[in-house]
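Reading through the structure tokens given below for one structure.
One-based numbering along the sequence shown.
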Amino acid sequence: SPSLRLKWYLNRDNCMKVVDVYNEHLKGTSDDETCIEELLEYIEETKVRWKEGELSYRDAVVNLDNLRGINDKEVSGEAKYMAEFIQREGFGKECYAKAETHSVGEDYINAMKMLYQIDENYLAYSEVIKLNGFCKDMILKETEELYTAVELEKAIIKMEQYFAIVPEPAFATRKGQLENELVALKEIMEIVKNAS
């Protein structure tokens, strides 16, 4: 029967077939309400299975995205909401883990690059802000205590390159400060040269 086929496909995470069976054979029948309950339970179970590591966030999102094709507003709406939630949290967690690895390896710009991909609605976004701030501070620290024109020029180029990778306003600000320092240093060097 269609309702048994629906259960069978749900148990195998074959949500494309679930959509076909429901839309073609169960919508508007006496089994409709029961099937809706089963589909809503499946959506909640998908979230639990993802949290417990039984499903990758990508697999969970694919299954839920398929269920958005169900001809029932409640089920398709819940599937959409849960897919977006799991996508945001799963992707955020993955990016944060990669950023931490880069940070430990002192590759701060790639750490920031990963952090900039995380959605602001990610539940642990406060941790993202902390790690991003740490990486930014470490990068800016590289441009402190520069005494020669060559050091300043290299730092200016570095800030420009970093800003192209990660549009962090502090990099553009620091580049401007370094350029001003370079102009001042060159003026002093010219005065010293003329005085000599």
Please report the C-alpha distance between D13 and Y42 in whole Å, then the side-chain angles of each, then the deciding distance to 0.1 Å, and finally whether the side chain to side chain contact (heavy atoms under 4.5 Å, CB included) criterion is met.
CA-CA 9 Å; D13 293 318; Y42 176 83; 2.6 Å; yes
Rounded distance (nearest 0.5 Å) linking atom CG of D137 with atom CD1 of I139:
9.5 Å
Between F171 and Y162, what is the ring plane arrangement, given parallel below 30°, perpendicular above 60°, and tilted in between?
tilted
Should L39 and L55 be counted in the same cluster of Ile, Leu, Val, Met, Phe, Trp and Tyr side chains packed under 4.5 Å apart?
no
Nearest 0.5 Å please: distance from the OH atom of Y96 over to the CZ atom of F91.
15.5 Å
Hydrophobic cluster membership, V62 vs L10, 4.5 Å side-chain cutoff
no
Short side-chain to backbone donor-acceptor contact, E89 and F85, under 3.5 Å:
no
C135 vs M138 side-chain heavy atoms within contact, under 4.5 Å:
no
If we only count heavy atoms from C-beta on, is the I118 to L115 side-chain gap below 4.5 Å?
yes
Nearest non-hydrogen partners of Q87 and Y57, listed with the distance
OE1-CE1, 3.8 Å
Mind checking the OH-CG spacing from Y108 to L131? Nearest 0.5 Å is all I need.
10.0 Å
For residues E168 and N132, determine if any side-chain heavy atom of one lies less than 4.5 Å from a side-chain heavy atom of the other.
yes
Hey, could you give me the SG/CG distance between C15 and L67, rounded to the nearest 0.5 Å?
4.0 Å
One thing to verify: whether E144 and R174 come together as a salt bridge, which I'm taking to mean a side-chain N less than 4.0 angstrom from a carboxylate O.
no
Tell me whether E127 is salt-bridged to K130, with the criterion being a basic N under 4.0 Å from an acidic carboxylate O.
yes
Flag the pair L146 / L178 as yes when at least one side-chain heavy-atom distance between them is below 4.5 Å, and no otherwise.
yes
Using a 6.0 Å cut-off, check whether atom CD of E54 has over 12 heavy atoms from anything other than its own residue.
yes
N/O donor-acceptor pair under 3.5 Å between S103 side chain and A99 backbone:
no
Least distance between heavy atoms, W50 atom then G90 atom:
CZ2-N, 3.9 Å
For the pair T46 and M82, evaluate side chain to side chain contact (heavy atoms under 4.5 Å, CB included) and give the outcome as yes or no after the intermediate values.
CA-CA 9 Å; T46 299; M82 196 62 72; 5.9 Å; no
According to a hydrophobic-cluster definition based on side-chain heavy atoms being under 4.5 Å apart (Ile, Leu, Val, Met, Phe, Trp, Tyr only), do Y116 and I129 belong together?
yes
Supply the atom-to-atom distance Y81 OH to K47 NZ, rounded to the nearest 0.5 angstrom.
6.5 Å
Is it the case that one hydrophobic cluster holds both M114 and Y122, taking links as side-chain heavy atoms less than 4.5 Å apart, direct or via other members?
no
When rounded to the nearest 0.5 Å, the distance separating CD1 of I70 from CZ of R68 is 13.0 Å
Check whether any side-chain heavy atom of E84 sits under 4.5 Å from a side-chain heavy atom of K80, and report yes or no.
yes
Minimum-distance pair of heavy atoms, taken over all atoms of I165 and I109:
CG2-CG1, 4.2 Å
Let me see the working for E94 and R58 under side chain to side chain contact (heavy atoms under 4.5 Å, CB included), right down to the final yes or no.
CA-CA 11 Å; E94 188 177 88; R58 287 181 175 89; 3.0 Å; yes
For the residue pair T101 and D107, establish whether any side-chain heavy-atom pair is separated by less than 4.5 Å.
no
With a 3.5 Å cut-off and sequence neighbours excluded, list the donor-acceptor pairs that the side chains of residues 19-26 form with protein atoms.
{"unit_1": "Y22", "atom_1": "OH", "unit_2": "D32", "atom_2": "OD1", "d": "2.4"}
{"unit_1": "N23", "atom_1": "OD1", "unit_2": "N71", "atom_2": "N", "d": "2.8"}
{"unit_1": "N23", "atom_1": "ND2", "unit_2": "G69", "atom_2": "O", "d": "2.9"}

E153 with K186: basic N within carboxylate O range, under 4.0 Å:
yes
So which heavy atom on A79 is nearest to which on I43, and how close?
N-CD1, 3.7 Å
Determine whether more than 12 heavy atoms belonging to other residues, nucleotides or ligands lie under 6.0 Å from atom NZ of K27.
yes
Can you tell which of M159, K154, Q161, E160 makes a side chain to side chain contact (heavy atoms under 4.5 Å, CB included) with I157?
Q161
In plain terms, say whether K175 and E179 are close enough for a salt bridge, that is, a side-chain N and a carboxylate O under 4.0 Å apart.
yes
Beyond-backbone contact of Y9 with M16, side-chain heavy atoms, under 4.5 angstrom:
no
Heavy atoms of V75 and D72 approach each other most closely as N-OD2, 3.0 Å
Using the rule given for side chain to side chain contact (heavy atoms under 4.5 Å, CB included), can you reason through N14 versus W8, listing the C-alpha separation, both sets of side-chain angles and the distance that settles it, and then say yes or no?
CA-CA 9 Å; N14 190 341; W8 193 82; over 6 Å; no
Any idea which heavy atoms bring D65 and A83 closest together, and the distance?
OD1-CB, 3.6 Å
